[in-house]
Amino acid sequence: MARAARFAWVLGLSRCALTEGSRTRPWAPVSAQRWAGFTRAAAGSPGPAVRKGSPRLLGAAALALGGALGLYHTVRWHLRSQDLRAERSAAQLSPSSHLQLTLYQYKTCPFCSKVRAFLDFHSLPYQVVEVNPVRRTEIKFSSYRKVPILVAQEGDSSQQLNDSSVIISALKTHLVSGQSLEEVITYYPPMKAMNDQGKEVTEFCNKYWLMLDEKEAQRMYGGKEARTEEMKWRQWADDWLVHLISPNVYRTPTEALASFDYIVREGKFGAVEATMAKYVGAAAMYLISKRLKSRHHLQDDVRVDLYEAANKWVTAVGKDRPFMGGQKPNLADLAVYGVLRVMEGLEAFDDLMRHSRIQPWYLRMERAIEEAPSVH
């Protein structure tokens with residue numbers, strides 16, 4: 001069973017999700033922004049009480065360090081971005097034309113799917129390297145051992161971006177502002193934090209924030225409310241929606257087996273690993289899903305939580321706009337779509353389309369991704 005548990009990474013339950021969506025305290029991305037003097041940041045759902053004892057002390061120390069880092073990098077960003085924009089030529093090519101992107105992923109990981117949705121919508125060409133979830137030899141070059149990892153070649157410079165929300169925020173900042181990606185990624189410093197289980201994980205300051213000047217932000221969002229709304233729902237996708245996927249796709253032994261049959265087809269496994277993933281892994285994940293259900297305080301029928309989350313999202317989008325971003329998807333639309341897309345072809349996805357109000361929005365998102373507009 002110990003070996004079988006390693007297959008939990010595939011749907012974002014372990015190495016894919018230790019950092020992302022692991023419900024670390026929201027102060028890591030949020031308070032750093034507030035301390036940096038930004039306008040109020042997106043407020044996520046309040047987390048559970050801080051653990052007593054040494055983890056609490058470490059968390060407090062990390063909070064202080066995170067705030068200081070956030071302040072330092074924000075001031076540095078503001079000064080440096082002014083210099084960069086002053087140097088930028090009016091005849092400069094689109095920033096995306098200089099990028100050669102390689103995405104290291106598990107295809108069925110919801111965080112990886114978020115990144116693909118972003119890249120596809122923005123017509124950014126990229127190569128995919130499917131990572132073997134057991135050996136992970138494809139990412140042996142990296143000390144960061146989770147996926148997604150995006151390697152961006154920009155001229156003679158190669159940058160490694162970690163964490164799906166950091167990847168998306170950094171790339172979007174680069175596309176909108178024209179700042180070099182090498183400079184942009186310094187605005188999202190990693191820091192250590194304690195998750196709800198008292199384990200030390202890596203978090204990233206400001207990861208839902210785009211580093212834009214006032215004119216760029218106004219052009220992109222039209223107002224502070226739209227920016228705050230986008231950040232709030234991006235964090236909701238990471239902190240809540242993603243945790244509904246595994247309990248639903250592994251809800252019964254039959255569903256667990258069907259899910260792992262899909263994972264084996266789409267993933268990168270050897271013959272022996274594929275057999276273990278399909279049968280031993282499915283049994284292990286069925287049991288693990290029950291623990292996840294308890295950890296996240298889900299209802300007896302986890303489908304109800306999934307339907308409620310989908311309907312909550314549809315209500316937030318509203319009836320007067322096709323997407324949360326208005327006439328075209330914003331980063332929150334892409335995040336929610338990316339998370340839900342990994343269930344396509346499974347019973348949980350079909351039930352979601354039938355028993356919630358999300359299908360019209362989802363079909364609009366599919367069309368938007370297929371059209372892949374070239375504008376940023």
Check whether any side-chain heavy atom of [X] lies under 4.5 Å from a side-chain heavy atom of [Y], and answer yes or no.
| X | Y | answer |
| --- | --- | --- |
| S259 | Y250 | yes |
| N162 | L150 | no |
| V249 | V342 | no |
| D163 | K146 | no |
| V131 | Y106 | yes |
| L340 | L352 | yes |

Could I get the full list of side-chain hydrogen bond (donor to acceptor under 3.5 Å, both in side chains) partners for [X], not counting sequence neighbours?
| X | answer |
| --- | --- |
| T254 | none |
| Q218 | none |
| R303 | N248, E255, D351 |
| S157 | Q159 |

For [X], give me all partners under salt bridge (charged side-chain N to carboxylate O under 4.0 Å, His left out), at least two apart in sequence or on another chain.
| X | value |
| --- | --- |
| E182 | none |
| D350 | none |
| R291 | none |

- Query: Restricting to pairs with a member in residues 329-342, which pass salt bridge (Lys or Arg N to Asp or Glu O under 4.0 Å), not counting sequence neighbours?
  - Reply: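 Applying salt bridge (Lys or Arg N to Asp or Glu O under 4.0 Å) to every pair that reaches into residues 329-342, excluding sequence neighbours, yields nothing.
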- Task: Would you mind listing every salt bridge (Lys or Arg N to Asp or Glu O under 4.0 Å) that reaches into residues 360-370, with sequence neighbours excluded?
- Result: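 For residues 360-370, and leaving out neighbouring residues, there are no salt bridge (Lys or Arg N to Asp or Glu O under 4.0 Å) pairs at all.
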- Task: Any chance you could lay out the ring-ring contact (aromatic ring centres under 6.0 Å, His included) test for Y104 and F141, step after step, and finish with the verdict?
- Result: CA-CA 11 Å; Y104 295 82; F141 64 87; 5.1 Å; yes
- Message: Check for me whether R227 meets the cation-pi criterion with W209, that is, NZ or CZ under 6.0 Å from the six-membered ring centre and within 45 degrees of the ring axis.
- Response: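 Judged by the rule (NZ or CZ under 6.0 Å from the ring centre, within 45° of its axis), R227 counts as positioned above W209.
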- Query: Does the distance from a Lys or Arg side-chain N to an Asp or Glu carboxylate O, for E229 and R321, drop under 4.0 Å?
  - Reply: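 Yes.
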- Task: Decide, yes or no, whether a salt bridge links D238 with K114 under the criterion of side-chain N to carboxylate O below 4.0 Å.
- Result: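 Counted as a salt bridge, because a side-chain N and a carboxylate O are separated by less than 4.0 Å.
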- Item | With sequence neighbours excluded, residues passing ring pair (Phe, Tyr, Trp, His ring centres under 6.0 Å) with Y221 |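 Once residues adjacent in sequence are excluded, Y221 has no partner under the ring pair (Phe, Tyr, Trp, His ring centres under 6.0 Å) criterion.
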- Who passes ring pair (Phe, Tyr, Trp, His ring centres under 6.0 Å) against W361, sequence neighbours left out?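 Counting only residues at least two positions away or on another chain, W361 forms a ring pair (Phe, Tyr, Trp, His ring centres under 6.0 Å) with W313.
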- Task: Compute whether any side-chain donor of one residue and acceptor of the other, for Q359 and R354, lie under 3.5 angstrom apart.
- Result: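 No, no side-chain donor-acceptor contact under 3.5 Å.
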- Could you give all pairs that pass the ring pair (Phe, Tyr, Trp, His ring centres under 6.0 Å) test and reach residues 328-353, with sequence neighbours left out?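 Every ring pair (Phe, Tyr, Trp, His ring centres under 6.0 Å) pair that includes a residue of residues 328-353, provided the two are not neighbours, is Y337-Y362, F349-Y362.
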- Task: Working to the nearest 0.5 Å, report the span between CD1 of I139 and CD of Q160.
- Result: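 One gets 9.0 Å once the value is rounded to the nearest 0.5 Å.
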